[in-house]
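One structure is given here, and the rest of the page talks about it.
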Amino acid sequence: MPITAGALWTSNPAFQDREGEWWVLTTVGLYHFAATEDVATLDQGRPAGRLYRPATVSKAIRSFTFSKIRKARLWISTRDPDPARWGLCTWDRSTGTFHYFSEADGFPSQKAVSAFAEDQNGSLWLGMVDGGVLRYAQGRFSEVAAGLASSLVTAVHADRQGRIWIASSQSGITIVNPNAAQLQFKNLTISEGLTSNNIRSLAEDSHGNVYAGTARGVDRISSDMARVTHYSIANGLAGDFVIAAFRDSRGTLWFGTPSGLSRLAPDERTAEAPAPIRLSGLRIAGESRPISRAGQHADFESRTIAWPEQSTDRFLRD
């Protein structure tokens, strides 16, 4: 791979497929490396091959990002200085050929995909560079909802409950249940307790809690979306601008920042339900408010998320 190869800072250009092989999408083409479990060895050997788009498109493709193997196909989203060359294609492993999507498939022209996720029904959810979300099902693309995620979609995640989480650079997180008869959307922003509306990455632990990497650290959202816990450099996080999040096969969470890499091993406490809260008194701005003399249970069902608490867990920095 030439030393001139690079990638956009907002991209996620490296991907390991189900066969253990590596794919690297760069500004000078798509590279394919043989299977290895040690990514550090990739720079010690030559790539198994290099794949380009057809001659009608410049080889100096500015890859925007994301590669995904689905049913033996590699999905590739690309960007070029010329928006007319933006698009989406797949590479078929069995035939070694590309397929390019167009308006005939329902894919809009001059658009690029920035994030992918596959739901439990096998449909693909695609977040777009300039905002918006598409769903690919039964061989066609369709817009999920007009005006959804009006800014860059930075991450799309399918959780263990089947819900789709859509993160953007300005609008926080939108959650949708794809199995509902009629799609309904729940928005999480700073108004609901997130520390920033600039969400850069998403990951989920083995207890079903979702971790949002933001421009101000990491927010852990409980699986019932009732609580959020905030992590920052005070917890050992390498940096507050969290551009990547990933859970490995052992359940360890990894967070990438421009300042370094951090890892977190969630403990069993993250799965515990909080003890019921009983209020014995209430003051707002120093003024007492009526409450039962015997006290009463707090009901937070009407609130999506309580104001974030600072976690006492510690990150390990690599």
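Throughout, residue positions are numbered sequentially from 1 according to the sequence presented.
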Handout entry: Flag, side chain of S168 to backbone of V153, donor-acceptor distance under 3.5 Å
Key = no
Handout entry: Sequence-distant partners of F107, ring pair (Phe, Tyr, Trp, His ring centres under 6.0 Å), two or more places apart
Key = F141
Exercise for the section: Please examine the side chains of I164 and E118, heavy atoms only from C-beta on, and report whether any two atoms are closer than 4.5 Å. Expected result: no
Exercise for the section: To the nearest 0.5 angstrom, please state how far the CD atom of Q182 sits from the CD atom of Q184. Expected result: 6.5 Å
Problem - Where R93 and E21 come nearest, the two heavy atoms and their spacing - result: NH1-OE1, 3.1 Å
Handout entry: Charged N-O contact under 4.0 Å between D205 and R247
Key = no
Handout entry: Side-chain H-bond candidate by donor/acceptor type, N209 with S222, under 3.5 Å
Key = no
Exercise for the section: Report the C-alpha distance between T257 and I243 in whole Å, list the side-chain angles of each, state the deciding distance to 0.1 Å, and finish with yes or no for side chain to side chain contact (heavy atoms under 4.5 Å, CB included). Expected result: CA-CA 6 Å; T257 78; I243 58 177; 5.7 Å; no
Problem - Under 3.5 Å donor-acceptor, T154 side chain and S201 backbone - result: no
Handout entry: Check: R200 and L152 side chains under 4.5 Å, non-hydrogen atoms
Key = yes
Exercise for the section: List the atom of Q170, the atom of S151, and the distance in Å for their closest heavy-atom pair. Expected result: N-OG, 3.1 Å
Problem - Contact check, side chains of L264 and Y231, non-hydrogen atoms, under 4.5 Å - result: yes
Problem - Qualifying residues under salt bridge (Lys or Arg N to Asp or Glu O under 4.0 Å), relative to D105, sequence neighbours excluded - result: none
Exercise for the section: Run the ring-centre check on Y211 versus W254 and record whether the distance is less than 6.0 Å. Expected result: no
Practice task
Take the angle between the ring planes of Y100 and F98 and call it parallel below 30°, perpendicular above 60°, tilted in between.
Solution key: parallel
Completion exercise
From the list L194, I166, T214, side-chain contact (heavy atoms from CB on, under 4.5 Å) with I173 holds only for L194
Problem - salt bridge (Lys or Arg N to Asp or Glu O under 4.0 Å) partners of R163, counting only residues at least two apart - result: D159
Problem - D219/R216 salt bridge by N-O under 4.0 Å criterion - result: no
Practice task
State, with a plain yes or no, whether a side-chain heavy atom of S171 is found less than 4.5 Å away from one of L148.
Solution key: no
Exercise for the section: Determine whether W165 and V156 make a side-chain contact, defined as any pair of heavy atoms from C-beta on separated by less than 4.5 Å. Expected result: no
Exercise for the section: Please identify each residue that fulfils side-chain hydrogen bond (donor to acceptor under 3.5 Å, both in side chains) with N179, with sequence neighbours left out. Expected result: N121
Exercise for the section: Before giving the answer on side chain to side chain contact (heavy atoms under 4.5 Å, CB included), spell out for T90 and I76 the whole-Å C-alpha distance, their side-chain angles and the decisive distance to 0.1 Å. Expected result: CA-CA 6 Å; T90 59; I76 307 162; over 6 Å; no
Problem - Validation row: W125, P178 side chains within 4.5 angstrom (heavy atoms) - result: yes
Exercise for the section: Side-chain contact test, heavy atoms from C-beta onward, threshold under 4.5 Å: evaluate it for L237 versus F255 and give yes or no. Expected result: yes
Fill in the blank from the handout: With sequence neighbours left out, the residues meeting side chain to side chain contact (heavy atoms under 4.5 Å, CB included) with N197 are T189, I190
Handout entry: Aromatic contact, W91 with W75 (centres under 6.0 Å)
Key = no
Completion exercise
Rounded to the nearest 0.5 Å, the CZ atom of F246 sits from the CG atom of L202 at a distance of 14.0 Å
Handout entry: Full working for side chain to side chain contact (heavy atoms under 4.5 Å, CB included) between L88 and L126
Key = CA-CA 11 Å; L88 177 70; L126 305 91; 3.8 Å; yes
Handout entry: Close side-chain approach of V113 to M128, heavy-atom, < 4.5 Å
Key = yes
Handout entry: Contacts of type side-chain hydrogen bond (donor to acceptor under 3.5 Å, both in side chains), residue E204, not counting sequence neighbours
Key = H157
Exercise for the section: Enter the distance from T195:OG1 to H230:NE2 here, rounded to the nearest 0.5 Å. Expected result: 4.5 Å
